[in-house]
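Below is one structure, written out as structure tokens; comments come after it.
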Protein chains: 2
Amino acid sequence: MEFKDDATAFNGAKHAQFADKGRMNQALSVLLMQVLEDAGVPTHFVRQLDEIRTIVKNVEIIKVEVVVRNVAAGSLCQRTWFEEGAPLKEPLVEWFLKDDALGDPMINDDHARAMKLATSEELAFLRSEALRINEVLKPFFLKAGLKLIDFKLEFGRLASDPKTIILADEITPDTCRLWDVESGEKMDKDRFRRDLGNVMESYAEVLKRAEHAVHR
Amino acid sequence: MEFKDDATAFNGAKHAQFADKGRMNQALSVLLMQVLEDAGVPTHFVRQLDEIRTIVKNVEIIKVEVVVRNVAAGSLCQRTWFEEGAPLKEPLVEWFLKDDALGDPMINDDHARAMKLATSEELAFLRSEALRINEVLKPFFLKAGLKLIDFKLEFGRLASDPKTIILADEITPDTCRLWDVESGEKMDKDRFRRDLGNVMESYAEVLKRAEHAVHR
């Protein structure tokens with residue numbers, strides 16, 4: 001797995017390069033994989049090869065992008081009655097079909113089953129595992145002074161044992177929304193999406209805080 | 001409840017008037033309510049007032065539009081991998097938020113609960129009741145030489161007893177996709193949406209066939 005300096009948004013319509021993004025994202029993602037493994041969540045992580053490449057387990061990716069939301073933001077606010085920043089009483093889980101050509105549309109369990117993306121049992125596991133990951137990441141980011149607003153995960157079936165599904169994705173400011181606990185400032189890819197500036201400064205700050213939090 | 005001659009499509013962007021549509025739709029809908037009541041499905045129907053107006057029970061409408069699909073068509077084919085006409089192994093159920101301003105977006109159980117549209121128990125009931133209605137309508141339309149491709153339903157909580165949820169919607173070629181069993185010809189609102197012509201001729205044919213089927 002290689003972490004790139006490229007940034008894309010709006011299904012590829014907007015793109016840019018940010019020096020050092022790949023290195024910082026890998027450092028954060030590797031750190032978070034360790035936090036998750038320590039909490040008993042199996043991940044695809046094997047070992048770091050260099051600053052931007054990680055050896056990961058061989059999996060068949062499940063074509064369901066799993067989104068967990070703690071606070072309303074982004075597309076949820078365009079699609080529903082929630083205003084940005086509205087806390088959700090319970091974490092909300094969404095499935096999106098992993099298909100760029102279709103623009104990763106939202107799907108439900110029936111669609112996932114009908115397209116043979118996953119069985120009912122696998123979908124139930126994806127849901128419970130994503131919520132479990134949320135329960136690990138939420139308090140960890142809080143220690144880093146960051147509110148975990150929402151995040152996207154992909155999972156995969158182990159090539160050596162397809163019945164075993166593991167987390168097989170990066171976890172970075174590209175795939176999570178993270179807001180500063182005090183100021184509410186956005187510290188994630190929304191800085192790029194919405195042209196808020198200081199994109200890499202925020203990514204660096206998130207990494208720095210996470211590195212401190214892991215030692216506390 | 002009044003059945004109008006107006007036709008709208010694409011969330012109101014396209015509209016027209018069709019003489020006699022209201023009368024024909026009411027006649028078909030009343031007939032189908034009777035078919036459903038006879039099969040033990042409670043509906044909002046009380047009695048016909050005149051050719052275009054029906055007295056219905058007082059309900060609080062649940063803001064979840066329930067779609068049941070037997071064959072892929074319409075928006076499903078834009079959003080997923082199914083080609084129009086592809087049979088679905090099992091009926092597929094979708095929820096849409098009843099909100100014209102938002103364009104009736106698709107939602108899932110978590111959204112419905114978070115927006116307090118319905119409880120988990122109510123959603124489970126909507127699903128099972130919609131599938132039960134499908135199992136009544138599918139063979140009925142087949143007797144009429146029509147394939148029930150998909151349909152949209154709304155439900156409501158009885159004003160006099162909000163714990164009781166009943167079907168509270170029309171069932172017409174405006175809300176169902178119906179294809180001729182032999183030719184595959186579309187006999188529903190898609191004739192209007194896609195400018196296929198003979199819109200009212202098809203609605204009249206559906207009504208005529210349903211009236212014959214009910215006596216068989």
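Below, chain A is the first sequence line, B the second, and so on; all start at residue 1.
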inquiry  = Looking only at heavy atoms and a cut-off of under 4.5 Å, which of B:R79, B:E90, B:M115, B:K89 has the most pairs with chain A?
reply    = B:M115
message = The test is side-chain hydrogen bond (donor to acceptor under 3.5 Å, both in side chains); show your working for A:E170 and A:T175 and say whether it passes.
response = CA-CA 7 Å; A:E170 64 174 278; A:T175 62; 4.7 Å; no
remark   = Interface check, chain B: of A:R113, A:Q78, A:R69, A:E94, most non-hydrogen pairs under 4.5 Å belong to A:E94
ask   = Counting only N and O atoms by type, is there a donor-acceptor contact under 3.5 Å from the side chain of A:R53 to the main-chain atoms of A:M1?
value = no
task = Tell me, for B:L102 versus chain A, whether the close heavy atoms (under 4.5 Å) come from the side chain, the backbone, both or neither.
result = side chain
request  = Mark yes or no: B:K14 above the aromatic ring of B:F192, with NZ or CZ under 6.0 Å from the six-membered ring centre and no more than 45 degrees from the axis.
outcome  = yes
request  = Tell me, for A:D99 versus chain B, whether the close heavy atoms (under 4.5 Å) come from the side chain, the backbone, both or neither.
outcome  = side chain
ask   = So, B:D174 side chain and B:K189 main chain: donor-acceptor pair closer than 3.5 Å or not?
value = no
